[in-house]
Every structure is written in structure tokens, then in C-alpha cells.
Protein chains: 2
Amino acid sequence: MSEELPALPWDRSRRRAAPVRVPLTPERIVDAAYVVLDREGYDKLSMRQVAAELGVAVSALYTHVSSKDELLELMYLRLFRGWEVPDPDPARWREQVAEFAREGLDRLRRHRDLARISMVGVPFSPEVLPQMEKLVTIFRLAGLPDPVAARAGDLLSTLVDAFAFEESIWQDRYRDSSDFSWTKVSETFQQYFEDLPPDRFPNLSALAPHMVSGSQNDRFDLAVEIVIRGLASFVEEAATAGESGDRSAPAGEPR
Amino acid sequence: MSEELPALPWDRSRRRAAPVRVPLTPERIVDAAYVVLDREGYDKLSMRQVAAELGVAVSALYTHVSSKDELLELMYLRLFRGWEVPDPDPARWREQVAEFAREGLDRLRRHRDLARISMVGVPFSPEVLPQMEKLVTIFRLAGLPDPVAARAGDLLSTLVDAFAFEESIWQDRYRDSSDFSWTKVSETFQQYFEDLPPDRFPNLSALAPHMVSGSQNDRFDLAVEIVIRGLASFVEEAATAGESGDRSAPAGEPR
DNA sequence: CAGTCTGCTGAACGGTGTTCACCAGAGGTG
DNA sequence: CACCTCTGGTGAACACCGTTCAGCAGACTG
């Protein structure tokens with residue numbers, strides 16, 4: 001980078017004030033796309049908005065990114081950057097799985113509507129595999145039978161994605177009412193369930209206090225807990241039934 | 001409806017051949033939208049296509065349907081038309097829950113990309129409540145504690161939606177390869193996992209045979225089974241712990 | 001028969017993703 | 001130092017999209 005004095009204002013030999021020309025890269029485009037996403041939301045995330053954010057013509061984007069779909073895929077991959085899953089500890093597998101789920105949810109919540117993008121992301125890219133490997137390792141060391149261990153990660157990430165997705169939808173739906181808050185939404189729906197005719201919906205109205213109460217986190221934690229308990233039942237089953245045949249031992253920590 | 005003889009072909013007193021003018025209704029619009037959806041898929045489902053399907057100007061739709069979002073919501077509600085959830089039978093609650101999930105998945109699979117619409121549908125409309133009531137009743141009679149029973153239905157339908165959604169995404173991704181089949185896709189991915197370097201991904205490659213094997217239905221059934229087992233653990237917990245206090249008994253079948 | 005009113009038409013507005021001819025400017029070469 | 005090439009921008013265009021609106025035709029009402 002050559003050290004150059006600023007152009008004198010009246011020096012017409014220089015073409016423009018300071019073109020400087022930071023080179024365009026996929027990286028910078030994704031940065032700008034995230035800025036647009038956070039400010040405008042998924043529905044208004046357009047190539048034109050991203051280009052405007054960079055002060056660049058729309059068509060310039062297409063030399064670095066082949067389509068909007070590819071841009072979304074690149075944004076999706078950011079999700080996994082710097083995501084360190086702790087080393088498997090069989091004694092704490094339940095906590096580790098729950099923490100994994102919470103980390104996923106937190107990451108999806110870091111940017112508005114990110115879950116909308118994540119839901120269509122391809123979950124098998126090289127960037128994602130390390131986390132998958134760790135998660136699968138946790139499941140195998142916990143004692144899950146292989147067919148279950150292989151799919152448990154899939155189930156869990158589907159759940160995380162779907163939960164964040166629904167959160168995003170609800171947030172969008174109520175965004176116009178300027179002071180959005182989950183407590184207000186949940187109050188509204190609690191009222192709705194309470195007002196249901198008890199003769200036609202005896203259980204729904206009886207459960208009104210529980211249908212939407214608690215924080216979003218509570219709701220999520222319960223869902224994860226249900227899944228973990230379901231997985232645990234397979235562990236117990238394998239432990240009692242499989243005393244005899246020793247399956248191929250799962251590999252501990254990859255080196 | 002007046003009985004009228006067909007116009008003589010040379011009778012020029014009649015304005016057009018047979019305008020007939022079937023009146024436009026939300027119902028017919030939704031019909032046409034489903035035709036377009038099945039033929040073109042979600043991405044190409046546009047108001048213009050729907051209007052063309054009906055042989056009508058685009059703007060005509062807007063007198064019956066206030067926006068595309070409303071049209072999608074109406075399409076979503078069709079999901080629940082004629083969906084009869086069997087009366088709760090506590091002895092068979094696991095089977096009943098599994099059947100409910102399968103019925104939901106089957107309905108979502110009846111139309112291409114329907115899950116994409118379902119995922120953003122509001123699940124509290126009056127059309128949906130009867131099924132919810134039945135499902136919640138099943139959960140309460142099964143012995144689930146109220147806070148869990150209240151959210152179990154939510155978890156289950158989220159799971160069904162998300163599963164069908166992902167299926168839809170994958171189908172779209174491989175639609176161009178004209179002879180799409182799940183078995184071919186799963187073979188491709190099985191190969192992918194087998195080719196993973198075993199030193200970096202020991203468990204992922206060890207589980208390659210299980211990662212994507214089996215039918216989509218197997219995959220789904222296992223996920224549902226995991227959730228049901230998780231729910232069952234709450235039933236057992238409540239049965240052993242709650243011998244003393246008798247909670248308000250859940251109402252059996254609404255009349 | 002006149003009048004109103006409902007429900008459709010066609011055109012338009014402002015947006016979208018994507019493509020393409022063109023061109024400026026940096027880099028290397030003679 | 002002049003020239004040439006070639007990378008990576010520009011701006012206009014295409015074919016769509018959801019939505020709105022003035023106008024009009026035909027059926028119903030008085």
C-alpha cells in the first residue's frame with residue numbers, strides 16, 4: 001500500500017476523490033449481506049440491497065458469487081465458523097447435547113431471520129462436518145446404538161433449525177407493532193386459549209396456562225429434554241440387552 | 001339455474017360462445033393455486049400463474065383474497081380439512097401419536113412443496129383446533145404432566161413440518177436430474193460419508209452405512225419414536241412420583 | 001326501463017434475480 | 001516509456017414478481 005498524500009481539492013489530474021478500491025470478495029459480500037439481513041430482514045434481502053450496501057453495481061456481485069442461492073449458502077456456512085464443540089465426556093453426554101442445542105439456537109438468534117436461511121442450507125458441507133463428527137462421537141460414546149447415533153444429530157439440528165425458524169416467523173408477524181415482546185405475544189395467546197369454549201375444547205382450555213407460558217428458552221429446553229430422554233431410553237435398552245455382543249467400539253476423540 | 005338450450009352456432013345475437021362465468025371464489029382460487037403448486041412448485045407459485053390457471057386477470061384475485069399471504073394461509077388450512085383424529089385410547093397412546101405424525105406427514109406429501117407453506121402457517125386457527133384438542137387429550141390421558149402435554153403437540157407438529165420441509169428442499173435440489181429417487185440420493189451420500197478421511201472423521205465414516213440408509217419413512221419413524229420415548233419417560237416419572245396428589249383429571253372425549 | 005353496484009379488465013408502479021455489451025485501469029511486456 | 005491484455009467493474013436490459021387503481025360490462029333493484 002503506497003503512502004500517498006491526499007489529493008489537493010483543485011487538482012483535476014486525479015480522476016476521483018479517493019477511489020481506493022477495496023477489492024470485492026465473497027467475504028465482503030457476505031459481510032454486507034449480513035448487514036442488510038439484520039437491518040431489513042430476510043424478505044428484503046436482495047442482491048440490489050447488498051450491492052447498495054457495498055456502493056457497487058449489482059452485476060459486480062455476480063463475478064464473485066454465482067447466484068443469490070450461493071450467497072445464502074455462504075451466509076449459512078458462517079454459522080459454523082469458530083464453533084468449538086467440547087470433547088465428548090460420556091458421563092455428561094446429556095448436558096453436552098443440551099449445550100450443543102443451545103449453542104445452535106444462540107447462533108441462529110445472533111442475526112435476524114438467519115434461521116430462514118439455515119433451514120435450506122446443505123448440512124453436509126466440509127465446514128459443518130467437524131461439529132457433526134463431535135456430536136456423533138458424543139452419541140456413540142454415550143452408548144447409543146449405531147443406527148440411532150447416526151440420526152440423532154440430524155434430529156437435533158432439525159429441531160434447532162425448526163424452532164428458530166418459527167421464532168423468526170412470529171417475530172416477523174408482529175414486527176410492525178413496534179414494541180414487540182414475547183411476553184406480550186404469549187399473554188395474547190394465553191387469553192385466546194382461555195377464551196376457547198370449554199365444551200368443545202375442554203383440554204385445550206384447561207391447559208391454557210401452560211400452552212404458551214414461560215420463556216421461549218423454556219419451551220426450547222423442554223423440547224430438547226424430551227428428545228434427550230428419548231435417546232437415553234435407547235441407551236438403557238442397549239445396556240440391558242447388549243451385555244453379550246461387543247460392537248465395534250466407537251472412536252474416542254479424533255486427533 | 002335457468003335451463004337454457006345451447007346457442008345455435010350461427011346465432012350472432014349472443015355475445016360470446018359460452019361465457020358461462022363460473023363465479024370466482026376463494027375456494028376456486030385455492031384449487032387453482034394447488035394445481036399450480038403441484039405443477040410448478042413453490043418458487044413459481046405466483047398470483048399471475050394462479051390467475052392464468054383460472055383464465056382471469058391477476059387483479060381479479062384480489063377481490064376474493066387480500067394478498068398472496070392470505071392465499072397461502074387458505075392453502076395451509078386445506079391441510080386440516082377432513083382430518084379425523086381417532087378418539088383417545090390411553091392404552092394405545094404411543095401408536096395414536098405415531099399415527100398422528102404419519103398422517104400429518106402424508107398430508108404434507110400430498111402436494112409438492114406444501115411443507116414450505118405449512119411451515120409459516122399460523123397453527124392456531126379454528127380449523128386446526130379440533131385436531132389439537134384431540135392430540136392434547138391423548139397426551140393428558142396418557143398421563144403426561146400438564147406442562148409437557150401442553151407442548152408435546154407443538155413439538156410433534158414442528159417435527160413433522162420440519163421433516164417434510166427438508167424433504168421438499170432436497171427434492172427441489174435434485175429435480176433437474178430427471179429421474180429423481182431417494183435411493184439414488186441416499187447412495188450418493190452414503191458414498192460421500194464412506195469417502196471421508198477416517199483419521200479426521202472416525203465416527204462419521206464408521207457410521208456411513210447408517211447415516212442415510214433406509215427409506216425416508218424409516219428416518220421419520222425413528223425420529224417420532226425418539227420423541228415418543230421421551231414423552232413416555234415423563235409419564236413414568238409422573239406415575240411413580242405423583243401417587244399422592246390427584247391433579248384435575250383430564251377430560252376424556254369432548255361431546 | 002333506468003340506475004346502482006359488484007366483480008372483472010388492463011395498465012401501471014416499483015420491486016426482484018440474472019445477463020450482457022462495454023469500458024476503465026492495473027499489470028506485464030517489448 | 002508506449003503498448004497490449006485482461007481482470008473486474010458499470011449500466012442497461014429482460015422477464016418476472018405482488019399490488020393498486022381507473023374504468024367498464026353485466027347482473028340485480030327499484
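Just so we're on the same page: letters track the sequence lines, and every chain starts at 1.
Ring pair A:F100/A:W83: centre-to-centre distance below 6.0 Å.
Counting non-hydrogen atoms under 4.0 angstrom, B:V56 reaches the backbone sugars and phosphates but no base. Nucleic acid contact for A:S59: base, since at least one base atom lies under 4.0 Å from a heavy atom of the residue.
Annotation: of the two residues near DNA chain C, A:K68 and B:A60, the 5′-most nearest-nucleotide partner is B:A60.
Considering only side-chain N and O atoms, A:T63 lies nowhere under 4.0 angstrom from the phosphate OP1 or OP2 of D:dG8.
Note on ring orientation: taking the six-membered ring where Trp is involved, the planes of A:W170 and A:F189 are perpendicular (angle over 60°, cut-offs 30° and 60°). Ring orientation note: the planes of B:F124 and A:Y192 are tilted relative to one another, at an angle of 30° to 60°.
If you take NE2 of A:H64 and C1' of D:dG8, they are 6 Å apart, rounded to a whole angstrom. Look at CD on A:E40: it is 13 Å from C1' on C:dG15, rounded to the nearest Å. The nearest whole Å value for the distance from the CD atom in A:Q49 to the C1' atom in C:dG14 is 13 Å. Regarding B:L45, its CG atom lies at a distance of 20 Å from the P atom of C:dT16, rounded to whole Å. Between the CG atom of B:L24 and the P atom of D:dA25 there is a distance of 20 Å, rounded to whole Å. The CG atom of B:L61 sits 14 Å away from the P atom of C:dG10 (whole-angstrom rounding). One atom, CG of A:D69, and another, P of C:dT18, lie 7 Å apart when rounded to the nearest Å.
The A:Y62 side chain lies nearest to C:dT18 when the options are C:dT16, D:dG18, C:dT18. Nearest nucleotide to the A:R48 side chain, out of D:dA13, C:dC8, D:dT19: D:dA13. Distances were taken from every side-chain heavy atom of B:M47 (C-beta onward) to each of C:dC8, D:dG18, D:dG9; the shortest belongs to D:dG18.
With hydrogens and angles left out, the side-chain atoms of B:S213 and B:Q190 include no donor and acceptor closer than 3.5 Å.
Here B:E167 pairs with B:R109 in a salt bridge; the nearest charged N to carboxylate O distance falls below 4.0 Å.
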